[in-house]
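Remember, predicted model here, so these are calculated numbers, not experimental data.
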Amino acid sequence: MQTGKIENGKLEMVDKFVRYTNMNIFLTGKAGTGKTTFLRGLADNPTKRMVILAPTGVAAINAGGQTIHSFFQLEFGPQVPNSKVLQYQKFSAVKLKIIRSLELLVIDEISMVRADLLDAVDAVLRRVRRNEKPFGGLQVLMIGDIHQLAPVAKEEEWALLRDYYKSVYFFDSHVLTKTPYCCIELEHIYRQEDRKFIDILNKVRNNRLDSESLAVLNSHYNPDFEPADEDGYITLMTHNRQVDEINEGKLNALKTKLLKFEARIFGNFPETSFPTKEILELKIGAQVMFVKNDPSPEKMYFNGKIGRIIGYDEDDGLQVRCDDEVIDVQPVTWQNFEYSINEETKEIEEKEIGSFTQIPLKLAWAITIHKSQGLTFDRLILDASLAFAHGQVYVALSRCTSLEGLVLKAKLSQSGLFNDLTINQFVAELPSREPNEEQFEYNKKLYESQILFELIDFHDIESDLNGIRKVVFANKGSFDASVSEKIVPKGQKFHEEVVEVSEKFKRQIGSILRDNFQIDNNLQLQERIKKGCSYFLDKLADLDEIASLPFETDNKAVNDQIKKELDVFKTDFFVKKACLEACLGGFEMKKYLKVKNKKVVEAEDFGKKKEKKPKEKREKGSSVRRTKELIDEGLTIDEIAERRGMTRTTIEQHVAELVLNGEVEARDFMSKEHYNNIVEYFEDTHDSSLGRARDVLGDDYSWGELRIVLNEIKKNNSI
């Protein structure tokens, strides 16, 4: 009972650090201690603007997030520190909004993340967020057990990285060696209840397996063991080829009819993330494992539950017997998400970009140890004779709920546990990083004061002004004389009246906080903040003129340079003004962060929208006819939309109508590839749903293109 209270206390501590501090956290613990449960709770009730990432596709799908590589658009292979590749990545406007407004990054299965990959994440975050603090000032929550599966580094990859890193493990990344982070280790195991087995697992995990415990494990050695079909044993092995041989041999031995189930895949769902086979071959009598938790209210099965197929009907689906119950199994859907911004609320949302619908089963006479991570089995046969990496034996043994359900096909040995001194040293340091209540209070106050001082810091804007000034004076002959005449005095005035004053103001605020570290209920502090915000807003007004100065020149390269500097200035200026205005009535951290992040999102479009052209006066006759006249003049859809002051969507609707009437050809309004692929889709499926067509073809295909081609097919009566 006491252990449960301690565990709840540790999870409460993690929750408090996530909610109220900016400290980076490593949440670890043995298999079955509730790390995944905590993550799901955090995802269901987010306290900050967050995304969840994982190193592999399957792990990402299970965690409800994206892979690290896809989110940060990183190439597979070694990420050499200071690589120029990371400096020239092109992110979409939506991705930039997400990264710059994030408050929390969660990385699940951190044990499989290599040091160079974590450093690449750090480099991208610092560049995109324009912040040289570790991870660009973002809080990172890392979840995983370092004793479980290790990161993979091929010999040729490590040859490139060994000059930069002590080891491949995430904790030896440059970013984590230069930034503080706390470690919280969960110890109470919910998967196993057998105290003797738990003690042995702890020894395996910590590479301290003694001869007595090894003998206990090896007492379960039975190389000739052949379980009865109804016993529901599953075999864990190290390599895919071993597993495939067992499963295929067992399936072929069954005399029942082969059943084939083909997955329905829509949108973007990579093959590497498939939770089971696209073409799933099963038979009545086959031993299977559920690969998803039952989404229905009945909760009849869970990920890892073992059973046997006892029947099949086209209407009712498969019947699987698990112990004394029979489960009717129907196809279920896995979703692949990416993160997007809700343009109305400006909040980060998960957007479904693909789905995989299939029977939630896989053959399960055997599976690999790697695929077993996160699963639980009552009866387990283990063949670890070809174990080749740290953590494999521990992962395999810890899947089993009890010693009674364990059978070894090969004896275990100390040498097969792959004792890793690097991990031992790191684990030995974990207790020293575990925080207490006093450290939480310190970090909470530190976070609050950092956010408060951020409000009244103007060094970014001064840096932006210096960037503009440098471009202007490096190309003085290209700009109007009024530009150089105004930039210098405005910059000097800003330094004297804003930057220098803000530094004095920070010292005053610091003094007040030392006497009384309260923010919400500190009347003296709140009055100073109100007056400070009013003063700084008044002084910032002097910079409003900057954006309207005549920066345009005859030199394209110079124009590009000055535009880049101006865009950064406009963004920082826009966000700072909004934050100061939000605090005119006093400083409330939650409100400040909400306003700041919302304005960061809005600022990505600030000053970048094209000036709207006045719509042309409506002419007599059909608007579609006018579009047809402009098509005949050789104008494209975008040129017609610009000429007429209409949206591209409206003009595409005109074109679709003209195609249906046989007045224009659909192929003239898109690439040959798009035209051919759309025609092939509609003719193959005979399905006129534009939504389903776009799910299959992808977002690169516009609704207008789909409608135009569909109308042509309808005209020809082929659908």
Heavy-atom count check: over 12 atoms from other residues, nucleotides or ligands less than 6.0 Å from [X] [atom1]?
X: Lys277; atom1: NZ; answer: no
X: Gln73; atom1: CD; answer: yes
X: Glu212; atom1: CD; answer: no

For the atom pair CD (Gln287) and CG (Leu254), what is the distance rounded to the nearest 0.5 Å?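 If I round to the nearest 0.5 Å, the distance is 10.5 Å.
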Can you tell me how far apart CZ (Phe171) and CE (Met142) are? Round to the nearest 0.5 Å.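 One finds 11.5 Å between CZ of Phe171 and CE of Met142.
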Is Arg379 salt-bridged to Glu404, cutoff N-O under 4.0 Å?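 Salt bridge: no.
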Would you mind checking if Asp15 and Arg19 are paired as a salt bridge, meaning a charged N to carboxylate O distance below 4.0 Å?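 Between Asp15 and Arg19 there is a salt bridge, with a charged N closer than 4.0 Å to a carboxylate O.
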Checking Asp119, Asp116, Thr177, Asp172 against Tyr165 for side chain to side chain donor-acceptor pair (under 3.5 Å), the one that qualifies is Asp119
Checking side chain to side chain donor-acceptor pair (under 3.5 Å) against Asp199, which of Lys196, Lys203, Arg195 comes through?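 The single option meeting the side chain to side chain donor-acceptor pair (under 3.5 Å) with Asp199 is Arg195.
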Run Arg162 and Glu155 through salt bridge (Lys or Arg N to Asp or Glu O under 4.0 Å) and show every step you take. CA-CA 10 Å; Arg162 63 162 47 96; Glu155 189 175 336; over 6 Å; no
Minimum heavy-atom distance [X]-[Y], with the two atoms named:
X: Pro331; Y: Thr357; answer: CB-CG2, 4.0 Å
X: Asp108; Y: Pro55; answer: O-CD, 3.2 Å
X: Tyr181; Y: Phe426; answer: OH-CE1, 3.4 Å
X: Gln79; Y: Leu161; answer: O-CD2, 4.2 Å
X: Trp334; Y: Ile359; answer: CH2-O, 4.5 Å
X: Asp378; Y: Cys400; answer: O-SG, 3.9 Å

Show me the pairs that pass salt bridge (charged side-chain N to carboxylate O under 4.0 Å, His left out) and involve residues 246-274, at least two apart or across chains.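 Output for this query lists Lys260-Glu281.
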Return the set of residues passing side-chain contact (heavy atoms from CB on, under 4.5 Å) with Ile310 (not counting sequence neighbours), or none when no residue passes. Gln319, Arg321, Val326
Can Leu117 and Phe170 be said to form a side chain to side chain contact (heavy atoms under 4.5 Å, CB included), step by step? CA-CA 8 Å; Leu117 180 57; Phe170 76 96; over 6 Å; no
Please say which of Val216, Asp210, Leu397 ends up in a side-chain contact (heavy atoms from CB on, under 4.5 Å) with Ile200.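 Of Val216, Asp210, Leu397, side-chain contact (heavy atoms from CB on, under 4.5 Å) with Ile200 is met by Val216 alone.
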For Lys283 and Thr256, does a side-chain donor sit closer than 3.5 Å to a side-chain acceptor? no
Between Glu185 and Lys10, is the salt bridge (Lys or Arg N to Asp or Glu O under 4.0 Å) condition met? List the steps. CA-CA 8 Å; Glu185 182 173 11; Lys10 287 189 173 185; over 6 Å; no
Under the side chain to side chain contact (heavy atoms under 4.5 Å, CB included) rule, what do Val320 and Tyr301 come out as? Steps first, then yes or no, please. CA-CA 10 Å; Val320 176; Tyr301 56 84; over 6 Å; no
With a 6.0 Å cut-off on ring centres, are His174 and Tyr164 close enough? no
Derivation and outcome, side chain to side chain contact (heavy atoms under 4.5 Å, CB included), residues Val291 and Met289: CA-CA 6 Å; Val291 290; Met289 180 178 75; 4.3 Å; yes
Run Phe26 and Cys183 through side chain to side chain contact (heavy atoms under 4.5 Å, CB included) and show every step you take. CA-CA 5 Å; Phe26 173 39; Cys183 298; 3.8 Å; yes
Can you check whether Phe225 reaches Tyr233 side chain to side chain, under 4.5 Å on heavy atoms?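 Yes. Closest side-chain heavy atoms under 4.5 Å.
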